[in-house]
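Proteins get letters first, then strands, A, B, ... in listed order; numbering begins at 1 in each.
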Amino acid sequence: KGSQGRMESFFKPM
Amino acid sequence: MLELRLVQGSLLKKVIEAIKDLVTDANFDCSATGLSLQAMDSSHVALVALLLRSEGFEHYRCDRNISMGMNLNNMSKMLKCAGNDDIITIKGDDGGDTITFMFESPNQDKISDFEMKLMDIDSEHLGIPEAEYHAIVKMPSSEFSRICKDLSSIGDTVVISVTKEGVKFTTRGDIGTANIVCRQNKTIDKPDEATIIEMNEPVSLTFALRYLNSFTKATSLSESVTISLSSDLPVVIEYKIADMGYIRFYLAPKIED
């Protein structure tokens with residue numbers, strides 16, 4: 001079914 | 001010194017109810033711009049961004065930028081004590097370890113104040129760049145809520161695909177499959193009931209329905225919802241908060257193995 005992505009894979013900490 | 005007076009106190013009640021199941025603790029950041037919040041769920045799969053602009057408050061005083069850590073469940077307990085028609089004022093002192101919520105009934109015959117303990121929260125703030133989305137769908141928020149609820153009784157995930165035909169929601173489970181297609185529908189008098197699809201290129205992404213269902217707790221804040229999709233970004237589900245700002249939910253897609 002695919003694995004669940006996480007926010008940090010898309011947006012970098014400021 | 002912080003003093004924010006919100007005539008339509010029910011908005012704050014609704015905002016907290018919309019996010020409290022997704023996020024346990026969050027820092028509320030107060031600046032001259034307004035009251036904002038960014039927080040992730042415990043598994044870092046979803047993120048919520050809230051903005052209530054200063055202009056939306058009847059009175060807005062924030063002498064310097066402050067960040068106030070709050071437990072949303074506790075905040076919800078206190079705000080539930082406010083009537084739906086009450087005016088809510090948030091008061092705080094610089095460096096204080098509590099915040100006060102004052103509730104005034106519309107005819108001023110009942111005034112309550114609730115003092116809540118603040119907490120230190122270590123939260124990482126993510127930078128969310130402006131992005132060009134492959135497709136943006138605006139639809140009635142109640143319709144989106146209905147679709148997420150209906151599909152979650154059949155499957156755990158939904159594929160959201162936008163083509164020139166419309167936006168398609170597909171799920172699959174042990175009992176079978178379901179497809180719901182919503183076509184563009186601008187030809188009605190009420191703009192809130194329209195479905196508008198702006199597509200730069202076709203896009204198809206898979207999401208966990210559990211999170212989308214949690215986001216729909218914000219449905220009562222806005223008649224319509226905007227879904228922004230790009231193949232390489234989390235989906236953004238935005239509910240506008242009348243004259244004040246927005247609540248945006250970001251959800252990371254499922255990634256093909």
Side-chain angles (χ1 to χ4, degrees), chain A, chain B residues 22-23 27 29 36 38-49 67 122-131 133 155-160 170-174 177 204-212 228-237 248-257:
Chain A
K1 245 186 193 176
S3 59
Q4 176 61 61
R6 283 166 52 96
M7 276 301 142
E8 289 89 344
S9 312
F10 300 94
F11 302 137
K12 299 282 163 267
M14 280 169 86
Chain B
L22 192 67
V23 173
N27 281 316
D29 299 314
S36 64
Q38 189 201 87
M40 281 186 277
D41 76 303
S42 58
S43 57
H44 290 201
V45 168
L47 180 148
V48 55
S67 188
D122 259 342
S123 73
E124 50 186 328
H125 222 75
L126 299 184
I128 301 174
E130 288 285 317
Y133 284 91
D156 297 329
T157 62
V158 61
V159 181
I160 306 180
T170 302
T171 193
R172 184 182 302 275
D174 293 340
T177 61
S204 182
L205 288 163
T206 306
F207 301 101
L209 276 165
R210 182 166 70 86
Y211 288 97
L212 293 177
S228 303
L229 296 143
S230 261
S231 55
D232 46 3
L233 284 174
V235 63
V236 190
I237 311 284
R248 290 179 186 152
F249 297 100
Y250 295 79
L251 177 60
K254 294 265 188 176
I255 299 162
E256 300 284 334
D257 283 331

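- B:Asp122 CG: 12 or fewer foreign heavy atoms inside a 6.0 Å radius.
- The structure places CD of B:Glu124 at 12.0 Å from CE of A:Met7, a figure rounded to the nearest 0.5 Å.
- Between the side chain of A:Gln4 and the backbone N or O of B:Ala252, at least one donor-acceptor pair lies under 3.5 Å.
- Between the CZ atom in A:Arg6 and the CG atom in B:Leu47 there is a gap of 12.0 Å [rounded to 0.5 Å].
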Quiz item: After noting the C-alpha distance and the side-chain angles of A:Phe11 and B:Tyr250, does the key distance pass the ring-ring contact (aromatic ring centres under 6.0 Å, His included) rule?
Solution: CA-CA 11 Å; A:Phe11 302 137; B:Tyr250 295 79; 5.7 Å; yes
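- Taken from CD in A:Glu8 to CE in B:Met40, the straight-line distance is 4.5 Å, to the nearest 0.5 Å.
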